[in-house]
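Some notes on the structure that comes next.
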Amino acid sequence: MKYKTLDLSFYEHEDVTVVAQKLLGKLLCTNFGGELTKGMIVETEAYSGRDDKACHANGHKKTKRNSIMFAQGGHAYVYLIYGIHHLFNVVTNREGTADAVLIRAVEPVAGIDVMMQRRGLEKPEKRLTAGPGALTKALGITTDHYGTMLNSDIIWIEEGEPLPDDRIVAATRIGVDYAGEDALKPWRYYVKENPWVSRF
DNA sequence: GTTATGATTTACT
DNA sequence: GTAAATCATAACG
């Protein structure tokens, strides 16, 4: 039972960094095979295809992998990194603009036992969902869900507790050193003093 | 057809 | 702190 799925217009905002900040505190939900899991988003990163070397769609270069980023906001961009980990992104902006928000960490809210089972853990330790590759495994997200709309009944995002602006911290992104000066952009956002943020 | 590599995690020296 | 795991995709030839 979902109670307040975000409207698709939420994702179509023209400034991807604004959407990245607004996503903090929202609930990322999945329902695969009747196993419901929910996690509050506590860490995000913004990527823009227009002017950002760190983005897979740098320079609006369209490839098979990133083509979903050019679709309208509200699609899920899931892909495999290092042959091991799945990363989950939310596509933003209008069709033809390759902007997306990477979800880096969530705080478990519902279906924690299912998440632990998927991760092979016995206790809800911090690494259950703290990290972009870890949270997708906990929530059961794979490349099968590439291109899924976020108002579907298997993956969606709900309105969460309102998050005061002074709880949001901007920082440089992680793991994109190769992008030169674009790696210095403060496009990473996380919830202040939340223990589930991947790196402090 | 072949080769290099990454928006990472984990285990080990 | 450093390195290995492991594969789809991109950039060659």
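Within every chain, numbering begins at 1; the chains are lettered A, B, ... in the order of the sequence lines, protein sequences first and strands thereafter.
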Find the distance [X]:[atom1] to [N]:[atom2] and express it as a whole number of Å.
X: A:Lys137; N: B:dT9; atom1: NZ; atom2: C1'; answer: 10 Å
X: A:His56; N: C:dA11; atom1: NE2; atom2: P; answer: 12 Å
X: A:Asn66; N: C:dA8; atom1: CG; atom2: P; answer: 18 Å
X: A:Tyr146; N: C:dT9; atom1: OH; atom2: C1'; answer: 11 Å
X: A:Lys185; N: B:dA7; atom1: NZ; atom2: P; answer: 16 Å
X: A:Ile174; N: B:dT8; atom1: CD1; atom2: C1'; answer: 11 Å
X: A:Lys53; N: B:dG6; atom1: NZ; atom2: C1'; answer: 18 Å
X: A:Ile84; N: C:dA8; atom1: CD1; atom2: P; answer: 12 Å

Pair A:Leu23-A:Ile157, side chain to side chain contact (heavy atoms under 4.5 Å, CB included): steps then yes or no:
CA-CA 9 Å; A:Leu23 278 171; A:Ile157 295 179; 4.0 Å; yes

May I ask you to say what [X] touches in the nucleic acid, namely base, sugar-phosphate or nothing, with a heavy-atom cut-off under 4.0 Å?
X: A:Ala134; result: sugar-phosphate
X: A:Lys61; result: sugar-phosphate
X: A:Tyr77; result: base

Who does C:dA8 pair with, Watson-Crick or G-U, both distances under 3.5 Å?
B:dT5

Of the nucleotides [options], which has the atom closest to the [X] side chain?
X: A:Pro132; options: B:dG6, B:dT9, B:dA7; result: B:dT9
X: A:Lys64; options: B:dA11, B:dA7, C:dA10; result: C:dA10
X: A:Arg119; options: B:dT8, B:dT10, B:dA7; result: B:dT10
X: A:His85; options: C:dA8, C:dT6, B:dT9; result: B:dT9

N/O donor-acceptor pair under 3.5 Å between [X] side chain and [Y] backbone:
X: A:Glu35; Y: A:Val114; value: no
X: A:Asn66; Y: A:Lys61; value: yes
X: A:Thr142; Y: A:Asp144; value: yes

Taking only side-chain N and O atoms of [X], does any of them lie within less than 4.0 angstrom of OP1 or OP2 on [N]?
X: A:Arg65; N: B:dG6; answer: no
X: A:Tyr82; N: C:dA8; answer: no
X: A:Thr63; N: C:dT9; answer: no

Using the P atom in both, what is the distance from C:dT6 to B:dT2, to the nearest Å?
22 Å

What distance, rounded to whole Å, do you find between the two C1' atoms, one in C:dG1 and one in B:dA7?
23 Å

According to the 5.5 Å centroid and 30° plane-angle thresholds, does A:Tyr47 stack upon the nucleobase of B:dA7?
yes

With A:Arg104, which of A:Leu87, A:Thr44, A:Ile174 fulfils side-chain contact (heavy atoms from CB on, under 4.5 Å)?
A:Ile174

Residue met sooner reading DNA chain B from 5', once A:Tyr178 and A:Arg127 are mapped to nucleotides:
A:Tyr178

Apply side chain to side chain contact (heavy atoms under 4.5 Å, CB included) to A:Met69 and A:Cys55, showing your working.
CA-CA 10 Å; A:Met69 292 178 84; A:Cys55 183; 3.5 Å; yes

